[in-house]
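Worksheet: one structure, shown below.
Note that the coordinates shown come from a computational prediction; the quantities given were computed from them, not determined experimentally.
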Amino acid sequence: MHYEQLPGFMAELYERNEVSAYALRFTILVGARTTEVRSASWAEIEGDYWSIPGERMKMDRDYVVPLLPHARTSLEAMRGLNRQFVFGNPRTGRPLSENTMLKLLQETMDRRPFTVHNFRKTFRTWASQVARADSLVAELCLAHDTRSEIERTYDTGDYLVQRRELLTQWEGFACSELPRPRPRRRVG
């Protein structure tokens, strides 16, 4: 999906109220892989961070994802539905099936030929072309470490502050067409 189409798509996605929609919103906003999101456990969520253990990461290293307001909203909507998995299947108690988000995207929302993984490409293109983000920071948001072995030896930083800043811009862009909450009126 071209990044210019994303805000409209997100507005449509926010109208949906099923676990797969919350999982897809979260996946897009944090730039994660489907497998990482499907297996996310409540034990990995602490405050404004999601700490994914290395054995569940493609790069085989622990990885911390900063969680911003809209991503946290998706998490809060899932509280109490499954004791272990954030986006667990409410009927089985297991993680969502591998194709649940894909089915929502392609069949229910009629967005063929897009895949869930393609939103990572959408983010990366937006990060380069719109945000003009530092390439390393953009890649680290996707859990890609493009530094050479020597660079990683001498630069051990996780760039968490910079990643949070870029993901804040991304969330602002992706959610820019969502309806604004109306101010509450006083009763009486």
Side-chain angles (χ1 to χ4, degrees), residues 1 6 9-10 13-106 108-109 111 114-124 127 137-145 158-172 174-175 178:
M1 181 176 294
L6 184 65
F9 172 77
M10 289 295 280
L13 186 58
Y14 266 71
E15 292 176 12
R16 306 198 64 84
N17 195 33
E18 58 259 60
V19 173
S20 57
Y22 285 101
L24 183 55
R25 286 166 34 179
F26 184 83
T27 301
I28 293 168
L29 293 172
V30 301
R33 293 176 181 88
T34 304
T35 56
E36 296 158 2
V37 172
R38 286 180 46 247
S39 299
S41 72
W42 288 111
E44 297 168 357
I45 307 294
E46 189 171 325
D48 292 345
Y49 298 97
W50 172 27
S51 299
I52 310 169
E55 60 266 12
R56 290 201 315 101
M57 294 297 300
K58 189 174 182 179
M59 64 181 177
D60 205 30
R61 288 188 303 212
D62 293 353
Y63 183 70
V64 176
V65 178
L67 300 173
L68 299 160
H70 284 281
R72 286 194 312 269
T73 298
S74 291
L75 295 176
E76 289 308 312
M78 297 295 99
R79 286 234 185 256
L81 293 181
N82 188 298
R83 297 180 94 179
Q84 182 179 0
F85 298 105
V86 175
F87 300 105
N89 182 318
R91 289 184 305 255
T92 66
R94 296 171 50 193
L96 287 180
S97 72
E98 188 175 341
N99 292 315
T100 303
M101 286 187 274
L102 182 64
K103 183 177 179 182
L104 171 70
L105 176 65
Q106 291 185 345
T108 308
M109 298 183 77
R111 290 303 203 288
F114 301 124
T115 66
V116 177
H117 194 78
N118 288 149
F119 287 107
R120 290 167 54 84
K121 180 179 178 181
T122 303
F123 165 78
R124 188 60 179 91
V137 172
E139 289 296 323
L140 287 171
C141 283
L142 297 172
H144 296 158
D145 195 337
D158 63 6
Y159 292 78
L160 190 58
V161 170
Q162 296 88 340
R163 289 189 290 127
R164 177 178 285 283
E165 289 170 3
L166 183 56
L167 288 174
T168 298
Q169 292 175 49
W170 171 243
E171 184 175 274
C175 298
L178 296 182

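For R163, the side-chain hydrogen bond (donor to acceptor under 3.5 Å, both in side chains) partners at least two apart in sequence or on another chain are Y63. Residues meeting the side-chain contact (heavy atoms from CB on, under 4.5 Å) test with Q84, sequence neighbours left out: N82.
Using a 4.5 Å cut-off on side-chain heavy atoms (C-beta onward), L167 and C141 make contact. The shortest distance between side-chain heavy atoms of V64 and L160 falls below 4.5 Å.
Ring pair F87/F26 is tilted by interplanar angle, where 30° to 60° counts as tilted.
Under a 4.0 Å N-O distance rule, the pair E139/R124 qualifies as a salt bridge.
Checked by atom type and distance alone, the side chain of D62 pairs as donor or acceptor with a backbone atom of G54 at under 3.5 Å. A donor-acceptor pair under 3.5 Å is formed between the side chain of R56 and the backbone N or O of E36. The main-chain N or O of H70 is found under 3.5 Å from a side-chain atom of E171 such that the two form a donor-acceptor pair. Side-chain atoms of R111 come within 3.5 Å of backbone atoms of M109 as a donor-acceptor pair (strictly under, hydrogens ignored).
Within the cation-pi definition used here (under 6.0 Å to the ring centroid, within 45° of the axis), R38 does not qualify as a partner of F85.
Looking at every heavy atom in both residues, L142 comes nearest to G31 through CD2-O, 3.6 Å. Heavy-atom minimum distance, V116 versus T34: CG1-OG1, 3.4 Å.
No option in T27, N17, T73 other than N17 meets the side chain to side chain donor-acceptor pair (under 3.5 Å) test with Y22. The residue from F114, W170, F9 that alone fulfils the ring pair (Phe, Tyr, Trp, His ring centres under 6.0 Å) condition with F119 is F9. A side-chain contact (heavy atoms from CB on, under 4.5 Å) with F123 holds for exactly one of L29, V30, N118, L166; it is L166.
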| field | Stepwise side chain to side chain contact (heavy atoms under 4.5 Å, CB included) test for Q106 and T115 | value | CA-CA 7 Å; Q106 291 185 345; T115 66; 4.1 Å; yes
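Considering CG of L81 and CZ of R91, their distance stands at 12.5 Å, rounded to 0.5 Å.
Atom CD of E98 has 12 or fewer neighbouring heavy atoms from other residues, nucleotides or ligands inside a 6.0 Å radius. Counting non-hydrogen atoms of neighbouring residues, nucleotides and ligands closer than 6.0 angstrom, the CD atom of E18 exceeds 12 such neighbours.
Between the side chains of H144 and R120, a donor-acceptor pair is found at a separation under 3.5 Å.
Among residues at least two apart or in separate chains, salt bridge (Lys or Arg N to Asp or Glu O under 4.0 Å) pairs with a member in residues 65-83 are D48-R72, E76-R79.
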